[in-house]
A.B. asks: 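Structure below; questions to follow.
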Amino acid sequence: MSKLESVETLVIGSGPGGYVAALRSSQLGMKTAIVERGQLGGVCTHVGCIPSKALIAEAHRYEVLRQFNQADAAASFVNAQAFKQEIVNKQAGGVGFLMKTAGVNILKGEASLIDEHTAIIKQNGAEQTISFKNAVLATGSRPIELKAFPFGGRILSSTEALSLPEAPTSLVVIGGGYIGVELGQMYAKFGTKVTILEGGERVLPGFEADLVAPVVKQLKTDGVDIVTGATAEKVVQNVDTITLHYSKGQEQHHVAAEFVLVTVGRKPNTDGGLGLGRIGLPVTSKGLIETDEQCRTVIPHIFAIGDITAGPALAHKASYEAKIAAEAIAGQAAKVDYKAMPLVVFSEPELASVGLSETEAKEKALPIVIGKSSFTINGRALALRAAEGYIKIVAKQDSGIVLGAQIVGVEASTLISELALAIEMGATVEDLALTIHPHPTLGEVIMEAAENAVRKMDNTK
Ligand SMILES: Cc1cc2nc3c(=O)[nH]c(=O)nc-3n(C[C@H](O)[C@H](O)[C@H](O)COP(=O)(O)OP(=O)(O)OC[C@H]3O[C@@H](n4cnc5c(N)ncnc54)[C@H](O)[C@@H]3O)c2cc1C
């Protein structure tokens, strides 16, 4: 067992939380090491954001070719998988390059905390010890496995679903959250018969019902069957299919498919050999680590960020917290403020939300004004054959200060950043309305929604 010299910051996990924390820590002049038991880049790079968006984009390109009668489904899917792997490798290589150029020491292996200032890193039977002044825990999450549906064979988690060598003829998705909807729709576009089973009343419950409606409409157009209020009960494996039995109210149903994909949520990696119990760091009943506004745990020199902490399990949240934690370690006064944290679903049409929704504002009985405008007459959206959807801005009734915004429509994922900036800057709907937006662009819909809010405010004066 070799004793490695000590570091100022030890980061455990190299996902979008961990690698950004290591980079920022090193930029701030601290001697930093990062430990990774798998591949550099974490879930987001290898089995999350990047591969899913690559396959979704390829599904859209395939759909266009199909519309022009130039598509071969099987070959297109094989090409899509190859393209996905190419960009995953590029991104992962980029993380390694960033770490090396920033002078971060990369340690390969599984980290276990031995005491409050020491970790052991194990790989292939070899062990090394490292002592640290501060640690950032960024161990991320893994798919939740349901007892009745253990992963393996024809039961897939999102990880396997992103790496199927060919598009299946049929797929049942258990769980209508964003991962289930994104992957289900992607496969439907490649010709797979997809059924989504959702226990609740509707898919994508994190978004307002009227916003989700255009997505449900498109899912139906893509041939996706959505069964809500359904409880998956058991599976029966057949020779080359799998039959899923579920109940809906008092009725029993079943559906057979080539594969079942389980996307019912994610579980934080705070168990196993990490050693939180050994150092007395508690976790909640959901396995999450509680932190303060600087991402500090109850042990003041140990920080936790990303999917192992409360809040939405999203890559940009992990990276945001990473910078705060590194700056706090460096003695800066940084603290988190989640007011302008965007949420995006890469469905067709895309969904995006930031800040307060109309429903939340009404629940809080806040005096608000709503500005709305649709993509239906936007020239750019029409040219893109994607004129479905609208933008809604929630602003304070008296001052017009933007509190939140929701978008359903083409490029919602890109458009939402302007509205996040507006919230971050304390901008008003008038500021947005007075900003010259180039024509013809999708961004004009933001300007028009803001103008709509300004008119309503004028009418109430
Ligand atoms: C299919 C899918 C699609 C997604 N799409 C999006 C999206 O479009 N946008 C978005 O914002 N988010 C998306 N996410 C969520 C996003 O991937 C996560 O929120 C993000 O990866 C969390 O980052 P993290 O740094 O907390 O942890 P992770 O990315 O989970 O990384 C943690 C790393 O720590 C390592 N590790 C764990 N324990 C140890 C240990 N003891 N020692 C050493 N290493 C360890 C793991 O191997 C892993 O590499 C998606 C997720 C999935 C599954």
Side-chain angles (χ1 to χ4, degrees), residues 10-22 33-57 84 88 91-92 95 106-114 119-123 128 130 135-144 156-163 173 175 177-184 186 261-276 288-289 295 303-322 325 341-347 350-352 413 416:
L10 178 70
V11 180
I12 303 181
S14 73
Y19 88 76
V20 173
I34 189 165
V35 199
E36 174 55 59
R37 66 180 178 195
Q39 292 172 288
L40 281 182
V43 166
C44 180
T45 304
H46 294 278
V47 291
C49 329
I50 302 300
S52 58
K53 264 79 266 181
L55 291 180
I56 289 166
K84 176 209 83 179
V88 165
Q91 289 282 73
V95 174
I106 302 171
L107 308 169
K108 292 276 172 73
E110 169 115 22
S112 288
L113 295 161
I114 297 306
I120 283 187
I121 296 149
K122 295 181 198 156
Q123 197 188 30
Q128 79 184 83
I130 185 159
V136 180
L137 309 179
T139 52
S141 63
R142 59 184 187 273
I144 289 181
L156 316 173
S157 76
S158 56
T159 300
E160 296 83 43
L162 286 167
S163 288
V173 181
Y178 84 92
I179 295 177
V181 166
E182 285 186 8
L183 297 184
M186 179 273 287
L261 164 62
V262 183
T263 54
V264 291
R266 300 190 53 88
K267 190 175 161 56
N269 293 325
T270 48
D271 44 6
L274 185 59
L276 297 185
L288 298 169
I289 300 176
C295 305
F303 294 72
I305 58 172
D307 284 7
I308 55 172
T309 62
L314 294 169
H316 46 273
K317 172 192 172 264
S319 305
Y320 172 73
E321 291 170 343
M341 176 74 66
L343 306 178
V344 170
V345 183
F346 291 82
S347 48
E350 290 182 350
L351 279 172
S413 56
I416 201 69

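Along the sequence shown, residues are numbered consecutively beginning with 1. Note that ligands are numbered from 1 as they come in the structure, with each ligand's atoms numbered from 1 the same way. Computed from a predicted structure; not experimentally measured.
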A.B. asks: Any donor-acceptor pair under 3.5 Å linking the side chain of Gln91 with the backbone of Val88?
C.D. replies: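 No.
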A.B. asks: With a heavy-atom distance limit of 4.0 Å, tell me whether Ser158 approaches ligand 1 through its side chain, its backbone, both, or neither.
C.D. replies: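 Under 4.0 Å from ligand 1, Ser158 contributes side-chain atoms alone.
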A.B. asks: Which one holds for Ile179 and ligand 1: side chain close, backbone close, both close, or neither close, with close meaning a heavy atom under 4.0 Å?
C.D. replies: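 Under 4.0 Å from ligand 1, Ile179 contributes side-chain atoms alone.
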A.B. asks: Counting from 1, what ligand 1 atoms have a heavy atom of Gly306 closer than 4.0 Å?
C.D. replies: 26 (O)
A.B. asks: Evaluating non-hydrogen atoms only, which member of Ala111, Pro16, Gly15 is closest to atom 20 (C) of ligand 1?
C.D. replies: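 Checking each option, the heavy atom nearest atom 20 (C) of ligand 1 is found in Pro16.
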A.B. asks: For ligand 1, which atoms, with element, lie under 4.0 Å from some heavy atom of Phe346?
C.D. replies: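 Here the atoms of ligand 1 in question are 8 (O).
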A.B. asks: Using heavy atoms and a threshold below 4.0 Å, how should the contact between Lys317 and ligand 1 be classified: side chain, backbone, both, or neither?
C.D. replies: neither
A.B. asks: List every atom of ligand 1 that sits less than 4.0 Å from any heavy atom of Gly13, numbering the atoms from 1 in the order shown and giving each element.
C.D. replies: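 Per the distance check, 33 (C), 34 (O), 35 (C).
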A.B. asks: Quick one: do the Glu350 and Ser413 side chains pair a donor with an acceptor below 3.5 Å?
C.D. replies: yes
A.B. asks: What protein heavy atom is closest to atom 18 (C) of ligand 1, reported as residue, atom name and distance in Å?
C.D. replies: Asp307 OD2, 3.4 Å
A.B. asks: Would you mind listing which atoms of ligand 1 come within a distance below 4.0 Å of any non-hydrogen atom of Cys44?
C.D. replies: 17 (O), 21 (O), 29 (O)
A.B. asks: If you count the atoms of ligand 1 from 1 in the order shown, which ones are under 4.0 Å from a heavy atom of Gly17?
C.D. replies: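 Per the distance check, 25 (O).
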A.B. asks: Pick one of side chain, backbone, both or neither for how Val344 approaches ligand 1, counting any non-hydrogen atom pair under 4.0 Å.
C.D. replies: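 Neither; no heavy atom under 4.0 Å.
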A.B. asks: At less than 4.0 angstrom from any non-hydrogen atom of His316, what atoms of ligand 1 do you find?
C.D. replies: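 That gives atoms 11 (O) of ligand 1.
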A.B. asks: Considering non-hydrogen atoms of the protein only, which is the closest contact for atom 50 (C) of ligand 1, and what is the distance?
C.D. replies: Tyr178 OH, 3.2 Å
A.B. asks: Within the 4.0 Å heavy-atom shell around Ser141, which atoms of ligand 1 are there?
C.D. replies: 30 (O)
A.B. asks: Which atoms of ligand 1 sit under 4.0 Å from any heavy atom of Gly140?
C.D. replies: 26 (O), 27 (O), 28 (P), 30 (O), 32 (C)
A.B. asks: Which part of Glu182 is near ligand 1, with near meaning a heavy atom under 4.0 Å away: side chain, backbone, both or neither?
C.D. replies: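 No part of Glu182 is near ligand 1 at this cut-off.
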